[in-house]
Amino acid sequence: MKRFATKNIFNNLLKQQSNGINKRFYSTSSIADKLQLGRLNHVAIAVPDLEKASQLYRDVLCANKVSEPQHLPEHGVTVVFVELNNTKFELLHPLGEKSPIQNYLTKNPSGGIHHVCIEVEDINKALALVQEKGIRSLDKQPKIGAHGKPVIFLHPKDCNGVLVELEQA
């Protein structure tokens, strides 16, 4: 059931893409089958006040576990992991002047969903397949993400306005 739900999320994110005059059409079901999508790993939420957001999930909503803030300078963020029964939230706060989260918060001062992360069995195969189908990756090669696993980010303009992270399972 979880695999089916994740597959449907990804299918809904993919769309018909137009590249100038040359239009490409692709079947979302064939991509999802080839990618062997796994579970929804996490939903990342950009927050202007990390302590206030942590308190909300820990003290008001009583999440299973809310981590201490972790500074990840290589990613330009401070992150708090919120564990739920079936997935995680990542609360993201800018760290440093070149933080991608600062750009997001400048456009969305109260914060919001920054990206969703879906697991794949083979990140390199996933990158090749999405590029073959005309979906742009923000990364030329997989890089190591906040969980210490290889990840790529798919361009939101190719995914119905959603920044999608694919992570090696």
Side-chain angles (χ1 to χ4, degrees), residues 2-3 5-7 9-11 13-14 31-51 53-54 57-58 63-108 111-169:
K2 287 182 184 178
R3 181 176 168 86
T6 304
K7 189 173 179 179
I9 289 168
F10 193 71
N11 284 341
L13 292 174
L14 296 176
I31 291 174
D33 292 338
K34 290 180 183 178
L35 287 179
Q36 300 176 4
L37 291 176
R39 69 183 190 95
L40 175 66
N41 183 283
H42 66 267
V43 175
I45 304 169
V47 298
D49 185 331
L50 193 55
E51 182 55 35
S54 297
Y57 287 98
R58 182 182 55 244
N64 294 342
K65 183 178 176 185
V66 178
S67 76
E68 292 298 317
Q70 297 177 26
H71 303 293
L72 303 174
E74 64 278 12
H75 297 287
V77 299
T78 299
V79 62
V80 168
F81 298 103
V82 179
E83 291 187 26
L84 307 175
N85 287 336
N86 59 349
T87 193
K88 296 181 286 275
F89 288 144
E90 286 184 359
L91 306 179
L92 304 175
H93 187 73
L95 178 65
E97 296 175 12
K98 296 182 180 180
S99 173
I101 301 305
Q102 185 56 59
N103 295 337
Y104 183 91
L105 288 173
T106 299
K107 295 175 188 172
N108 306 280
I113 294 176
H114 183 262
H115 68 270
V116 297
C117 178
I118 302 170
E119 294 178 357
V120 295
E121 290 183 21
D122 184 333
I123 195 71
N124 292 305
K125 181 179 177 182
L127 176 59
L129 288 169
V130 296
Q131 288 176 334
E132 174 186 304
K133 298 299 182 179
I135 299 171
R136 293 171 287 176
S137 172
L138 300 180
D139 312 292
K140 292 183 181 186
Q141 295 293 324
K143 61 184 179 184
I144 300 302
H147 300 126
K149 296 181 178 182
V151 301
I152 59 171
F153 285 88
L154 305 181
H155 201 293
K157 288 185 179 178
D158 298 338
C159 299
N160 293 334
V162 176
L163 180 60
V164 176
E165 178 183 19
L166 298 179
E167 180 178 278
Q168 179 84 33

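All values derive from a computational prediction rather than experimental measurement.
Atoms CD and CG, from Q131 and L154 in turn, are 9.5 Å apart once rounded to the nearest 0.5 Å. Expressed to the nearest 0.5 Å, how far CG of L95 lies from NE2 of H71 amounts to 7.0 Å. Note that CD1 of I152 and NZ of K143 are 11.0 Å apart. Values are rounded to the nearest 0.5 Å. Interatomic distance, CG of N41 versus CG of L166, reported as 11.0 Å (0.5 Å rounding). Note that the CD1 atom of I135 and the CG atom of L127 stand 11.0 Å from one another [nearest 0.5 Å]. Atom CD of Q168 sits about 9.0 Å away from atom CD of E121, to the nearest 0.5 Å.
Minimum interatomic distance between V77 and S99 (heavy atoms only, all atoms of both residues): CG1-OG, 4.4 Å. For the pair Y104 and A46, the tightest heavy-atom approach, listed with the atom from each and the gap, is CD2-CB, 3.4 Å. Closest approach of P100 and G76 over heavy atoms only: CD-O, 4.4 Å. The shortest heavy-atom contact between I144 and P150 is CD1-N, 4.0 Å. The two residues H75 and G145 make their nearest non-hydrogen contact at NE2-C, 3.7 Å. Annotation for V82 and A63: closest pair CG1-CB, 3.5 Å, computed over non-hydrogen atoms.
Applying side-chain hydrogen bond (donor to acceptor under 3.5 Å, both in side chains) to H42 and the options E165, E119, K88 leaves one that passes, E165.
No more than 12 heavy atoms of other residues, nucleotides or ligands shown are found within 6.0 angstrom of CD1 on I113.
Proximity of L138 to L163: side-chain heavy atoms (C-beta onward) are separated by under 4.5 Å at one or more points. Considering only heavy atoms from C-beta on, L37 comes within 4.5 Å of V120 through its side chain. Under the 4.5 Å side-chain criterion, counting only non-hydrogen atoms from C-beta, V43 is not in contact with T87. Between H115 and L92 the shortest side-chain heavy-atom distance falls below 4.5 Å. Between N85 and N64, some side-chain heavy-atom pair lies under the 4.5 Å cut-off.
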Stepwise, does the side-chain hydrogen bond (donor to acceptor under 3.5 Å, both in side chains) test hold for H93 with E51?
-> CA-CA 10 Å; H93 187 73; E51 182 55 35; over 6 Å; no

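The main-chain N or O of V66 is never found under 3.5 Å from a side-chain atom of E83 such that the two would form a donor-acceptor pair. At least one donor-acceptor pair under 3.5 Å links the side chain of S67 to the backbone N or O of F81.
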